[in-house]
Amino acid sequence: MIELQFRALLEIRVSRRRVVLKRTFYRRDPRVVAVDLLNKVLVNADGRSGRIVETEAYCGAFDEAAHSWRGMTPRNAVMFDQPGLLYVYFTYGMHWCCNPVCGEPGEGVAVLLRALAPLTGLDAMRAARPACRSDRDLCRGPARLCQAMGIGKLQNGIDLISGNGGYSIIDDGMSPPAEPVAAARVGITRAVEQLWRWYVPGDPYVSRR
DNA sequence: TGCGGGATTATCT
DNA sequence: GATAATCCCGCAA
């Protein structure tokens, strides 16, 4: 009986989270979503989790640095799909990076997750990143966090809101920082002047200061 | 602590 | 055929 009540409570909580997250992603400018995602928690159902401390917005047709800038291709199709899906892409011949999709279906906008502060499942993260020397570097960088969290080709297109793909983003009550730092995006050659990277000021897990 | 170069392949021109 | 939303290691200081 008690367990049933607990379960019901948990489900209400989870569904509230989903409502919050749906509102976070749906019909919203990726530059707003990028700030909103700071201090939220990326969760793998296997127990690994980390707090999002650095993000970048990619703004579709009017952003020359976005994969979606030239329109839809097989690779970037998920970016044009429903908000709340995860767009995962392969780059530099060996790395995976992940982006929650936001905005309106068809817009092609998303937010690159660039760094996490590891919270739980550190042993699994270390095992997934044998080359990593320091826990500080486990999730400090977009490809590092994917490797640590177990995100790759198979996770392209999973739904973060339902959590059916094994991953979700959770609001555990911590608000985004009052004064997020806006900075230039990393590793791009076009639209470099846009300050569409944001991070938590002073956080040691941010990839570049 | 910080820099420079090599790794390695899907994707698009 | 060139490029890429990067990482890691070695070396210098």
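Note that the structure is predicted; figures quoted are calculated from it, not measured.
Residue contacts shown for A:R114 are limited to sugar-phosphate atoms, with no base heavy atom under 4.0 Å away. Residue contacts for A:D137: at a heavy-atom cut-off of 4.0 Å it reaches no nucleic acid atom on any strand shown. At the heavy-atom level, A:I188 lies under 4.0 Å from the strands shown only through sugar-phosphate atoms. When heavy atoms are screened at a 4.0 angstrom cut-off, A:A143 is found touching the sugar-phosphate backbone but no base atom.
Nearest heavy atom pair, residue A:C98 against residue A:L112, reads O-CD1, 3.6 Å. In terms of heavy atoms, A:L145 sits closest to A:R114 at CD2-C, 3.6 Å.
Sorted by residue number, the list of members of residues 24-41 of chain A with any non-hydrogen atom under 4.0 Å from DNA chain C is empty.
Picking from B:dT13, B:dT9, B:dT8 the nucleotide with the shortest atom distance to the side chain of A:F90 gives B:dT9.
Contact footprint of chain A on DNA chain C: nucleotides with an atom under 4.0 Å from a non-hydrogen protein atom, first to last in 5' to 3' order, C:dA4 to C:dC9.
Annotation: side chain of A:I52 is not in contact with side chain of A:N39 (no heavy-atom distance under 4.5 Å). Residues A:R31 and A:C59 have side chains in contact (heavy-atom distance under 4.5 Å, counting atoms from C-beta outward). The shortest distance between side-chain heavy atoms of A:L160 and A:L86 falls below 4.5 Å. By the 4.5 Å heavy-atom criterion applied to side chains, A:L42 and A:I151 are counted as neighbours. A:Y89 places none of its side-chain heavy atoms less than 4.5 Å from the side chain of A:H95.
Nucleotide B:dT8 holds its P atom 16 Å from the CH2 atom of A:W96, rounded to whole Å. Atom-to-atom, CZ of A:R208 to C1' of B:dG2 comes out at 12 Å; the value is rounded to the nearest Å. Taking atom NZ on A:K153 and atom C1' on B:dT9, their separation rounds to 12 Å, with Å as the unit. When the C1' atom of B:dT9 is taken as reference, atom CZ of A:R75 falls 11 Å away, rounded to whole Å. Note: CE (A:M94) to P (B:dG6) measures 13 Å, nearest angstrom.
Salt-bridge formation is not detected for the pair A:R16/A:D171: no Lys NZ or Arg NE/NH1/NH2 atom is positioned less than 4.0 Å from an Asp or Glu carboxylate oxygen. By the 4.0 Å N-to-carboxylate-O rule, A:D135 lies close enough to A:R126 to be salt-bridged with it.
Mapping A:R190 and A:R140 onto DNA chain C via the closest heavy atom, the residue that lands nearer the 5' end is A:R190. Remark on DNA chain C: of its neighbouring residues A:R144 and A:V111, the 5'-side contact belongs to A:V111, judged by nearest-heavy-atom nucleotide.
Between A:F90 and A:W96, the ring planes are tilted. Angles from 30° to 60° get that label.
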Which nucleotides of DNA chain C pair, in dot-bracket form (Watson-Crick or G-U under 3.5 Å, | meaning another strand): ||||.|||||||.

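With A:E54 as the fixed residue, the salt bridge (charged side-chain N to carboxylate O under 4.0 Å, His left out) test singles out one of A:R185, A:R140, A:R197: A:R197.
In summary, the aromatic rings of A:H67 and A:Y58 are positioned with their centroids too far apart to meet the 6.0 Å limit.
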